[in-house]
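Read the structure below first, then the notes.
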Amino acid sequence: MSQVAYQVMWNRLISVVEEQAQALVRTAFSTSVREAGDLSAGVYNADGQMLAQAVTGTPGHVNAMADAVGHFIRRIGHQNMVQGDVYITNDPWEGTGHKHDITVVTPSFHNGQLIGFFACTAHVTDVGGRGFGADANDVHEEGLYIPIMKFAAAGEVDQTLLAIIRGNVREPDQLVGDIYALATCNEIGHRRLIEMIEEFDLPDLTGISDFILTNSRKATLDKINALTPGTAQGHMRIDGYSNPIDLHVRVTIEKDRIISDWAGTSGLDKKGINVPLVYTKAYACYALKCAIAPEIPNNAASLAPFEITAPKDSIVNAVHPAPVALRHIIGHMVPDTVYDALDKLLPGVVPAEGAGCLCNFQVSLRPRTDAPAPSDAVRAEVLTFNSGGSGARPTLDGMSATAFPSGVMTMPVEATEQVGPVIIWRKELRPDSGGAGQYRGGLGQFMEVGAREGHEFDIQAMFDRVDHPALGRRGGQPGAATIIARDDGTPMQGKGKQFVPHGTRVCMAFPGGAGYGAPADRDMDLVKRDLALGYITPDTAKQHYGLNQVDIDAVLTRAKQGEAV
């Protein structure tokens with residue numbers, strides 16, 4: 001087979017898994033999948049090595065899922081796999097880090113021979129237990145556990161498993177629908193793979209697998225070996241649950257590899273913000289690949305030269321039975337911590353700190369209990385994904401209300417409100433939240449949420465950056481901190497389940513990204529543009545950037561008249 005033919009097939013495989021992912025988006029029940037794209041999809045060879053991933057999806061899922069298929073092979077065994085099988089788990093340590101992610105793996109057979117696997121993961125709204133939040137004391141409280149097992153054996157779905165799942169979750173139709181969507185998207189990937197194999201007259205995936213893995217490894221090593229060897233330390237302090245968390249990393253560039261060692265990082269937390277090593281590895285690898293080899297497709301070989309180590313029972317290497325439901329809160333801070341070290345090795349490459357973790361919250365709605373509720377009041381679980389600002393880049397402003405590093409989308413208000421009796425009263429960009437700098441940090445958001453008449457609710461807050469906002473690089477200023485309170489001014493906690501009475505709203509201000517470079521070096525035309533667009537206020541234009549009052553008045557007057565600044 002020619003090199004050109006193999007390259008065509010490689011591109012074809014990437015298209016196949018992207019179609020697989022889009023099928024999941026179209027058929028999933030959970031808004032976290034349909035609207036936010038919190039999923040991943042990939043194709044693997046018969047040994048469980050990832051060959052290609054979908055463009056749609058999150059690095060935390062797909063990079064963690066890179067290791068997951070190996071666990072399925074080990075637990076089930078090649079000899080016990082037959083055509084029509086579908087496997088499932090939500091094991092945090094053999095899946096993607098917490099029980100709210102369902103991973104489904106399907107073996108792919110051609111002419112009776114096992115040639116590979118398709119796998120996909122999706123975040124689901126509820127798996128029972130305490131619900132999606134940080135309040136659990138160990139993983140057993142965090143919901144139903146599904147060990148690696150067969151969801152379908154030779155085409156026959158395990159109805160006993162489905163009955164157990166239905167009996168243990170708050171949204172059974174939604175969860176079961178998501179599982180079927182996961183299985184279906186794998187089947188679509190399998191069909192497209194067989195079409196490719198027959199078109200190119202391949203007996204199996206051995207040839208294309210060797211081509212992908214060999215070339216990806218060589219390309220990645222070439223990138224690493226072009227760097228100057230060295231070692232640097234990175235650090236970030238974040239809120240944690242009750243006490244601050246310190247993340248420490250030592251990044252070392254060597255021949256043929258880059259090592260990220262997390263020794264010195266805080267130990268396990270008592271609450272569910274701990275991170276299994278597979279998830280830490282996923283985001284540390286992602287950070288390094290983005291900075292060093294972004295154009296090389298993600299697969300087992302392109303990830304292999306990035307080695308991640310962390311002490312057992314540190315918060316970034318939590319072992320069973322540590323609570324891990326909100327592992328993303330710490331895990332999403334991993335890339336910016338890596339970048340603090342990498343900035344010392346590769347100056348002028350990485351961005352300033354951003355909001356980091358997603359600004360998610362889940363509301364558990366029910367009929368009011370302080371007075372008679374209307375007859376149409378219902379119970380519902382509504383999860384919404386939101387983002388703060390990303391950090392400014394060495395030559396560009398940060399992105400507003402954009403999820404870095406997770407890459408998921410912010411959910412539209414309309415999609416959120418149609419799944420339960422929740423009302424989003426306000427959702428808009430937050431002026432002045434982006435840190436000042438030669439390049440400004442991205443803006444966070446304001447949100448205000450309440451329930452329809454006749455309902456009360458609990459809110460599961462999943463926020464950070466309340467006490468420790470994003471820090472700038474190279475003279476850039478910090479982004480704005482997170483704020484959460486009731487509309488009557490009562491302050492609320494950044495994490496944990498909190499009751500909200502009937503008629504009360506929750507007001508949230510999500511954090512901004514930090515600035516890059518000294519504010520005095522910012523192009524004054526960009527300052528005027530930001531002022532005209534409402535990204536900054538006159539006070540910020542004057543205090544941080546030195547814009548005089550005459551120019552401020554002129555900019556605001558022209559903006560009010562609809563003229564270009």
Side-chain angles (χ1 to χ4, degrees), residues 59 232-239 245-249 251 260 283-284 286-292 294 329-359 387-407 429-445 463-482 509-523 526-527 529-530 535-536 540 543-545:
Q233 304 280 349
H235 169 254
M236 182 189 293
R237 173 166 283 195
I238 50 180
D239 298 351
I245 299 296
D246 285 297
L247 301 178
H248 289 275
V249 66
V251 176
S260 298
Y283 273 106
Y286 174 68
L288 292 167
K289 265 195 107 271
C290 283
I292 294 164
I329 286 182
I330 305 297
H332 288 177
M333 302 297 189
V334 162
D336 278 340
T337 311
V338 169
Y339 286 161
D340 186 44
L342 210 58
D343 185 56
K344 298 157 190 169
L345 297 169
L346 304 173
V349 172
V350 301
E353 289 183 10
C357 67
L358 290 165
C359 303
S387 304
S390 69
R393 294 157 286 180
T395 59
L396 293 167
D397 291 345
M399 294 175 286
S400 298
T402 299
F404 178 82
S406 73
L429 291 178
R430 179 185 178 189
D432 288 342
S433 55
Q438 181 180 4
Y439 299 100
R440 174 185 45 74
L443 304 184
Q445 300 179 68
F463 309 131
D464 209 278
R465 300 288 194 201
V466 175
D467 300 316
H468 300 89
L471 300 181
R473 298 202 198 282
R474 310 280 169 171
Q477 297 297 303
T482 302
F510 299 147
Y516 191 104
D521 295 333
R522 186 163 178 78
D523 186 325
L526 296 179
V527 176
R529 181 208 64 182
D530 286 353
Y535 296 162
I536 61 174
T540 291
Q543 294 174 12
H544 288 286
Y545 298 111

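Excluded from the calculations below are hydrogen atoms, water molecules and symmetry mates; all remaining heavy atoms, backbone and side chain alike, are included.
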### Query
What are the two closest heavy atoms between Pro351 and Gly391, and how far apart are they?
CB-O, 4.1 Å
### Query
Between Ile536 and His544, does a side-chain contact (heavy atoms from CB on, under 4.5 Å) hold up when you go through it step by step?
CA-CA 10 Å; Ile536 61 174; His544 288 286; over 6 Å; no
### Task
Please name all residues satisfying side-chain hydrogen bond (donor to acceptor under 3.5 Å, both in side chains) with Gln445, sequence neighbours left out, ordered by chain then number.
Lys427
## Note on the structure
By side-chain hydrogen bond (donor to acceptor under 3.5 Å, both in side chains), Asp336 pairs with (sequence neighbours left out) none
#### Entry: Counterpart residues, ring pair (Phe, Tyr, Trp, His ring centres under 6.0 Å), relative to Tyr535 (two or more places apart)
none
#### Entry: Listed partners of Arg474 passing side-chain hydrogen bond (donor to acceptor under 3.5 Å, both in side chains), at least two apart
Asp343
### Query
With distance as the sole test, does Glu353 use its side chain to make a donor-acceptor pair with the main-chain N or O of Ala470 at under 3.5 Å?
no
### Message
I'd like to check the side chain to side chain contact (heavy atoms under 4.5 Å, CB included) partners of Ala392; sequence neighbours left out, ordered by chain and number.
### Response
Tyr439, Tyr516
### Query
Taking side chain as C-beta onward, heavy atoms only, is Cys359 less than 4.5 Å from Pro511?
yes
### Task
Output all residues satisfying side-chain hydrogen bond (donor to acceptor under 3.5 Å, both in side chains) with Asp523, sequence neighbours left out; order by chain, then residue number.
none
### Validation row: Val350, Arg473 side chains within 4.5 angstrom (heavy atoms)
yes
#### Entry: ring pair (Phe, Tyr, Trp, His ring centres under 6.0 Å) partners for Tyr283, two or more places apart
Tyr279, His332
### Query
With sequence neighbours left out, what residues match Arg430 under salt bridge (charged side-chain N to carboxylate O under 4.0 Å, His left out)?
none
### Query
How would you list, by chain and number, every residue that makes a side chain to side chain contact (heavy atoms under 4.5 Å, CB included) with Asp239, sequence neighbours excluded?
Asp464, Val466, Asp467, His468, Lys495
### Message
Walk me through whether Ile238 and Ile330 qualify under side-chain contact (heavy atoms from CB on, under 4.5 Å).
### Response
CA-CA 8 Å; Ile238 50 180; Ile330 305 297; 3.6 Å; yes
### Message
Test your reading of the model: is there a side-chain donor-acceptor pair from Ser390 to the backbone of Met399, 3.5 Å cut-off?
### Response
yes
### Task
Provide the closest heavy-atom pair for Ala514 versus Ala352 in the form atom of the first, atom of the second, distance.
O-CB, 3.7 Å
### Task
Grab the two heavy atoms, one from Pro519 and one from Gly475, that are nearest each other, plus how far apart they are.
CD-O, 3.7 Å
### Task
List in chain and number order the residues that pass ring pair (Phe, Tyr, Trp, His ring centres under 6.0 Å) with His248, two or more places apart in sequence or in another chain; answer none if no residue qualifies.
His235
### Summary
Rounded to the nearest 0.5 Å, the OG1 atom of Thr540 sits from the CG atom of Asp530 at a distance of 10.0 Å
#### Entry: Partner residues of Ala403 under the side chain to side chain contact (heavy atoms under 4.5 Å, CB included) criterion, sequence neighbours left out
Leu358, Ser387, Ser406, Val408
### Query
So how far is it from Leu396 CG to Arg440 CZ, rounded to the nearest 0.5 Å?
11.0 Å
### Query
Do the non-hydrogen side-chain atoms of Val249 and Val334 ever get within less than 4.5 Å of each other?
no
### Counterpart residues, ring pair (Phe, Tyr, Trp, His ring centres under 6.0 Å), relative to Tyr286 (two or more places apart)
none
### Value rounded to 0.5 Å, distance of CG in Leu471 from CG in Asp340
8.5 Å
